[in-house]
Number of protein chains: 2
Amino acid sequence: MENLPIDPAAGGEERAPIAEPTLRRLPVYHNYLKNLDSSKTHAISCTQIAQDLHLTPIQVRKDLACTGIVGKPKTGYDTQALRLAIEDFLGWNNPNDALLFGAGHLGLALLSYDGFASYGLDIVAAVDADPAKQGAGPRDKKILPLEKAAGLIRRMHIKIAIIAVPEAAAQSIADLCVSCGIKAIWNFAPAKITVPADVTVQHENLASSLAVLSKKLSLRGE
Amino acid sequence: MENLPIDPAAGGEERAPIAEPTLRRLPVYHNYLKNLDSSKTHAISCTQIAQDLHLTPIQVRKDLACTGIVGKPKTGYDTQALRLAIEDFLGWNNPNDALLFGAGHLGLALLSYDGFASYGLDIVAAVDADPAKQGAGPRDKKILPLEKAAGLIRRMHIKIAIIAVPEAAAQSIADLCVSCGIKAIWNFAPAKITVPADVTVQHENLASSLAVLSKKLSLRGE
DNA sequence: TAGATTGTTAATCGATTAACAATC
DNA sequence: TAGATTGTTAATCGATTAACAATC
């Protein structure tokens, strides 16, 4: 294979586009490895991973191949090396700064979560239009007035915005972000937002997940 | 086609399994219809929907066919009927009771959100192990001691649990749920949970979404 | 009627799974 | 060595897209 060299500067040639389902599974493997007792388990096989995560060994093998890791027949992969390969591939050791819009319950939940750092995301601050919410937030993160957003994004060259504002405000916040140079939006508002083609939007759609869950539940009940 | 009759009692025969991507798009169509000015738009075509949602007309047509809706050539679908057909198909007019575990920021965010009702989900209450969090929550929802969970689930025949507790507590909460007869778990904890085969788990995996977002961002930047 | 749109069958595309040689 | 596991090419499966007749 040998696609996706670890050094991003290396590849001038066409790079194999990674399948999104694979991409979504990589953090799952990473979390699995993190929870292994590393003092005991120095190597792990696809067979073992697949069994524990309820996947097939072939799928695991193919997914991991994307990261460039090379395993040893009969023993499997070095757990430490595999973990690092996933982190490398996902860019988790080059953290991205992000600005959070909205300090309601959801915004505070995101701001409180200290796990994002290990996923290569650093929420530098939050902004909120409500003066009552402004001030010190969880984990020593500041909650600033909305007016500070544009300057902050420009000054820190922030590329990622997280939108956790009410549905009605989502589009205008997105517009603001785009005008300041934001290139990726993680949207938690239950609203479709429209952005130019060069901006990526990842929509966290609870209604979709709920539809899957409740349909499965109703199908099971027969 | 004529699969998936609206009356769930009708089908003894094999029922066409709905594709998950389709299932996830149905709420998107629904939200789109909701935001239409219904006084003006009595009928809507696939072409129009596809254009506004950045999909293809063929895909929209196929997705909507699952709901059993029948359109009229040249005009499209009756907007009202289409909306109801989606709600019917997704079971949104037979709401399911759910119990929320965890009243941290995320739990409160879920409890505060008044949109779930229209998605067929009724969070009857929350439970939390921390006495300081117990009492009245948002929207007049009670936050009860953890010990009340089992009785509540059994008494109300609750089938859905929402887990919004810290990673370390997730599995033991899941075990509790299973032992009380919960059949579907919506898991917001960043933890893999293991349940018997007859229980459905929908895992809301932020790390996966973030991986997709940051990979797209880094690929764009070349 | 003409033209746009639906409903449905066939073709394509991409992800998953199977098969198997290479390797430790 | 024998046996388990990797890496990779081929086959399968399922979702998307294309094609087109039916319909208003």
Side-chain angles (χ1 to χ4, degrees), chain A residues 1-5 14-26 28-29 33 41-79 81-82 85-86 89 208 211-212 215-216, chain B residues 1-5 14-26 28-29 33 41-79 81-82 85-86 89 208 211-212 215-216:
Chain A
M1 271 297 240
E2 223 285 304
N3 52 5
L4 271 293
E14 199 64 28
R15 119 178 3 207
I18 178 156
E20 186 166 318
T22 294
L23 196 44
R24 294 192 71 92
R25 280 189 297 268
L26 287 177
V28 178
Y29 298 131
L33 293 168
T41 319
H42 288 100
I44 185 97
S45 72
C46 289
T47 320
Q48 188 61 50
I49 297 175
Q51 190 178 320
D52 292 341
L53 296 179
H54 304 109
L55 300 168
T56 71
I58 306 109
Q59 182 166 60
V60 175
R61 208 143 62 228
K62 203 139 200 186
D63 285 344
L64 298 183
C66 294
T67 68
I69 189 82
V70 175
K72 231 189 291 198
K74 176 95 172 156
T75 49
Y77 304 89
D78 181 284
T79 51
L82 179 52
I86 294 174
F89 180 78
S208 292
V212 174
K215 199 74 196 176
K216 277 190 201 161
Chain B
M1 269 300 236
E2 223 285 303
N3 52 6
L4 271 295
E14 200 63 28
R15 124 177 1 208
I18 179 157
E20 187 166 317
T22 294
L23 195 44
R24 295 192 70 91
R25 281 189 297 268
L26 287 177
V28 178
Y29 298 130
L33 293 168
T41 319
H42 289 100
I44 186 96
S45 72
C46 289
T47 321
Q48 189 61 51
I49 297 175
Q51 190 177 321
D52 293 340
L53 296 178
H54 304 108
L55 299 168
T56 70
I58 307 110
Q59 183 165 58
V60 175
R61 210 142 63 228
K62 203 141 201 184
D63 285 344
L64 298 183
C66 294
T67 68
I69 189 84
V70 175
K72 232 192 287 197
K74 177 95 170 153
T75 48
Y77 302 89
D78 181 284
T79 51
L82 180 52
I86 294 174
F89 180 77
S208 291
V212 174
K215 199 73 198 175
K216 277 190 202 160

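The basis for the numbers below is simple: all heavy atoms, side chains too, and nothing from hydrogens, waters or symmetry mates. Order of the sequence lines sets the chain letters (A, B, ...), proteins ahead of strands, with each chain counted from 1.
In this structure a side-chain-to-backbone donor-acceptor pair under 3.5 Å is missing from A/Lys215 to B/Glu20. Without hydrogens or angle criteria, B/Ser208 side chain to A/Arg24 main chain gives a donor-acceptor distance under 3.5 Å.
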> Tell me, for nucleotides 12-20 of chain D in 5' to 3' order, what letter each nucleotide earns: B for a base near a protein heavy atom under 4.0 Å, S for only sugar-phosphate near one, - for neither?
Replying inline: ---SSBB--
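Within residues 70-79 of chain B, the residues that have a heavy atom under 4.0 Å from DNA chain D are, in order of number, B/Lys72, B/Pro73, B/Lys74.
The minimum heavy-atom distance between A/Leu26 and A/Ile86, with the atom names listed, is O-CG2, 3.9 Å. Nearest heavy atoms, A/Tyr77 versus A/Cys46: CE1-SG, 3.4 Å. Between B/Thr56 and B/Ala50, the closest heavy-atom pair is C-CB, 3.5 Å. Between A/Thr67 and A/Leu64, the shortest heavy-atom distance links the atoms OG1-O, 2.7 Å.
Spacing between atom CD1 of A/Ile69 and atom P of D/dT6 amounts to 12 Å, rounded to whole angstrom units. When rounded to the nearest whole Å, the span between CG of B/Leu64 and P of C/dT8 equals 13 Å.
Proximity of A/Arg25 to A/Leu53: side-chain heavy atoms (C-beta onward) are nowhere separated by under 4.5 Å.
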> Could you write out DNA chain D as a dot-bracket string, with dots for unpaired bases, | for bases paired across to another strand, and Watson-Crick or G-U pairs counted at under 3.5 Å?
Replying inline: ..||||||||||||||||||||||
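Atoms NZ and CG, on A/Lys62 and A/Leu55 in that order, are 15.0 Å from each other to the nearest 0.5 Å. If you take CZ on B/Arg61 and OG1 on B/Thr47, they are separated by 7.0 Å, rounding to the nearest 0.5 Å.
Residues A/Gln59 and A/Asp63 have side chains that never bring a donor and an acceptor to within less than 3.5 angstrom of each other.
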